[in-house]
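Reading through the structure tokens given below for one structure.
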Amino acid sequence: MRYSRLKIIFPIGLFLALFLDGSLSNAFAGHLFKYPYSSVLHLVLLWIVFAIFLDDRGELPVGLWAAFAGLIFDWYYTGVFGVYLVALPLVVYISRQIKPWLDLNFLTMLMVYIINLTIVEAFVYIWYLIGKVITSNLADFAVYTLGPTIAVNLALFVILYYPVRQLYLKVS
Amino acid sequence: MQKFFSNRKLVIVIIVLIVSLGLMSVSVAIRNKKSTPPLIQQFGNDVVGAVDRVVAWPVNGLQGASNSVSDLLNTYQENQKLKKQVDQLAQVKVNAQTATAENKQLRKELKLNKSLSDYTAVTANVLTRTPSSWMNQLVISKGATAGIKKNMPVMSQSGLIGRVVEVNQTNSKVELISNTSSSADKFAIQVTNKSGSTVNGIVTGYDKSTNLIEMGSVTSKTKIEKGDKVVTSGLGGVTPKGLYVGTVASVKQDDYGLASEVRITPAADLSDLTVVTVAVK
């Protein structure tokens with residue numbers, strides 16, 4: 001009975017994160033996209049990683065929801081389909097594979113989150129490069145996008161880890 | 001690793017890759033057509049946009065509040081500065097009104113009903129910004145129902161910021177002028193120098209490191225100086241004439257020494273946008 005609450009809270013949080021990504025990017029555009037650095041907010045990814053690792057029964061259909069969120073992202077934010085639609089479920093799949101091998105605590109989750117951030121950013125970068133949506137070289141991507149993105153999102157992870165964990169412990 | 005490359009999984013991976021690349025190439029291919037986005041895509045955008053308003057509203061409210069606090073802190077200095085400007089402005093305003101009236105009358109006599117500089121301003125809120133380092137895009141809260149069409153220019157209070165790239169019924173996407181993707185098509189602009197002669201050209205790029213707009217391949221011998229005003233020229237397409245772009249920052253020879261390149265300081269701040277105006281022609 002109590003478990004079903006998570007099934008409602010998870011999608012709501014997912015879409016809240018999706019829209020906050022965009023709104024906060026606009027509100028703090030001067031800080032986040034200050035040349036030459038551009039740091040991309042990944043609250044959606046954060047929420048997905050939390051769900052995979054904190055939901056101990058693994059009954060949430062995270063993969064499906066991630067694909068749906070990715071579709072909405074492509075649809076509403078970029079207009080280029082098939083990029084986040086694949087990137088987010090890919091991260092879910094990889095995290096699920098890693099999960100049984102890990103002793104779950106703050107630090108291992110942090111490491112997994114860094115890996116996932118890198119995968120998503122690299123995937124999106126390569127895909128856009130193939131689709132000729134962008135022209136940028138690998139060094140610029142690594143230094144000016146990936147680095148700051150990881151820095152900002154790690155800070156958010158550290159701030160949000162305990163509150164979200166409390167939420168999960170309470171709900172499930 | 002061996003398990004990963006079992007037949008079934010490999011097939012799934014390949015199918016997913018093909019579908020994903022296919023979707024991407026199709027959407028990139030149809031993105032630049034005039035009739036895009038297709039109805040279904042518009043519908044989805046409208047639905048998501050409606051939901052987004054619920055989230056965007058409090059965030060914009062917070063941003064507005066923090067802006068007001070910082071405004072309040074410099075009120076005194078700003079007030080002093082503004083008072084000086086207001087005195088001059090009154091005179092300029094009267095001048096402009098007289099000129100506009102005269103202009104209208106003269107045009108009527110010449111039977112020129114429409115001119116390049118005519119447009120109606122549609123004001124829209126900025127709902128969100130694409131959280132990506134690759135696309136400098138905004139979603140604004142007005143769409144086809146407010147008369148917005150694809151490729152229309154978008155301004156902030158102070159100057160040109162970009163153009164509309166995707167129109168839905170109730171919201172639309174704006175590509176900022178700082179977007180350097182190769183597919184972004186460029187604005188026709190003109191520089192007017194102190195003696196009143198003009199130089200036409202197009203925006204050829206955006207230098208992110210200095211935040212300057214570039215106008216390349218200028219072969220005219222007309223002398224352009226720092227501080228000259230740059231406006232849209234209204235040539236070719238839906239951009240009206242006379243939208244303020246910025247002022248000239250520097251002029252230099254290009255790499256081959258044949259043409260010169262004009263660098264322009266944009267009048268608008270591209271990182272602090274809450275309300276924008278679309279120039280509907």
Side-chain angles (χ1 to χ4, degrees), chain A residues 15-44 71-87 89-90 97 121 123-125 127-136 141 144-146 148-149, chain B residues 4 16-17 19-29 31 36-37 41 44-45 47-49 51-60 62-63 66 126-139 165-166 171 173 178 180-183 207-211 269-274:
Chain A
F15 284 97
L16 195 64
L18 184 66
F19 291 128
L20 276 181
D21 271 347
S23 287
L24 294 178
S25 290
N26 187 43
F28 298 106
H31 304 283
L32 291 172
F33 299 102
K34 196 180 181 81
Y35 187 85
Y37 305 103
S38 56
S39 18
V40 187
L41 292 177
H42 277 293
L43 291 175
V44 172
L71 178 68
I72 300 287
F73 191 105
D74 286 342
W75 202 320
Y76 184 59
Y77 283 136
T78 65
V80 180
F81 287 86
V83 182
Y84 281 83
L85 175 68
V86 176
L90 177 74
Q97 296 294 307
E121 278 294 321
F123 186 89
V124 171
Y125 169 72
W127 245 229
Y128 282 167
L129 213 56
I130 295 173
K132 297 211 169 68
V133 179
I134 53 161
T135 47
S136 167
F141 162 69
Y144 298 130
T145 298
L146 190 59
T149 298
Chain B
F4 180 78
V16 167
L17 283 184
V19 168
S20 158
L21 284 176
L23 276 174
M24 184 175 66
S25 21
V26 168
S27 46
V28 169
R31 199 163 60 143
T36 51
Q41 200 176 337
N45 276 325
V47 172
V48 180
V51 181
D52 190 19
R53 268 160 223 247
V54 181
V55 180
W57 185 73
V59 175
N60 283 347
L62 275 180
Q63 194 187 0
S66 72
V126 176
L127 286 180
T128 189
R129 182 188 172 114
T130 301
S132 163
S133 53
W134 312 119
M135 296 185 176
N136 296 312
Q137 279 183 345
L138 302 174
V139 179
V165 289
E166 199 180 297
N171 58 42
K173 285 195 185 92
S178 59
T180 47
S181 72
S182 50
S183 63
D207 185 355
K208 281 187 166 182
S209 57
T210 47
N211 279 326
D269 179 7
L270 294 176
S271 62
D272 186 19
L273 300 165
T274 46

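Just so we're on the same page: letters track the sequence lines, and every chain starts at 1.
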Less than 4.5 Å to any heavy atom of chain A: does that hold for the side chain of B:V48, its backbone, both, or neither?
both

A:Y144: partners by ring pair (Phe, Tyr, Trp, His ring centres under 6.0 Å), with sequence neighbours left out
A:Y37

Working to the nearest 0.5 angstrom, can you tell me the gap between B:E166 CD and A:Y76 OH?
11.0 Å

Where B:S27 and A:G79 come nearest, the two heavy atoms and their spacing
CB-O, 3.7 Å

Between atom NE2 of A:H42 and atom OG of B:S132, what is the distance when rounded to the nearest 0.5 Å?
8.0 Å

Contact winner vs chain A - B:V47, B:L138, B:D269, B:V28, heavy-atom pairs under 4.5 Å
B:V28

Which bit of B:N171 is near chain A, if near means a heavy-atom gap under 4.5 Å: side chain, backbone, both or neither?
side chain

Please flag which part of B:L270 lies under 4.5 Å from any non-hydrogen atom of chain A: side chain, backbone, both or neither.
neither

At a heavy-atom distance under 4.5 Å, which candidate from B:G44, B:A29, B:A56, B:G22 has the highest pair count against chain A?
B:G44

If we define contacts as heavy-atom pairs under 4.5 Å, which of B:V19, B:L23, B:V51 has the most with chain A?
B:L23

With a 3.5 Å distance limit and no angle check, can you tell me whether A:W75 reaches the backbone of B:Q41 through a side-chain donor-acceptor pair?
yes

Beyond-backbone contact of A:W127 with B:M24, side-chain heavy atoms, under 4.5 angstrom
yes

Below 4.5 Å from any heavy atom of chain A, which atoms of B:M135 appear? Answer side chain, backbone, both or neither.
side chain

Quick check: does any side chain N or O of B:S20 sit under 3.5 Å from a backbone N or O of A:V86, one acting as donor and the other as acceptor?
no

Look at atom CZ of A:F28 and say whether more than 12 heavy atoms of other residues, nucleotides or ligands are closer to it than 6.0 Å.
no

Largest heavy-atom contact set with chain B, pairs under 4.5 Å, which of A:L41, A:L18, A:V83, A:T78:
A:T78

Give a yes or no on whether the backbone of A:Y77 and the side-chain of B:T130 come within a donor-acceptor separation of less than 3.5 Å.
yes

Would you say the side-chain atoms of A:N26 pair up with the backbone N or O of B:L273, donor to acceptor, closer than 3.5 Å?
yes

What is the distance from atom OG of B:S133 to atom CG of A:L146, rounded to the nearest 0.5 Å?
9.5 Å

Sort out for me which residue in B:V126, B:L62, B:D52 forms a side-chain contact (heavy atoms from CB on, under 4.5 Å) with A:S23.
B:D52

Provide the closest heavy-atom pair for A:A29 versus B:R129 in the form atom of the first, atom of the second, distance.
CB-NH1, 3.7 Å

Decide yes or no on side chain to side chain contact (heavy atoms under 4.5 Å, CB included) for B:V26 and A:F81, but give the supporting numbers first.
CA-CA 8 Å; B:V26 168; A:F81 287 86; over 6 Å; no

Would you say the side chain of A:T145 lies within less than 4.5 Å of the side chain of B:W134, judging by non-hydrogen atoms?
yes

Under the 3.5 angstrom rule, does the side chain of B:T128 hit a backbone N or O of A:G22 as a donor-acceptor pair?
yes

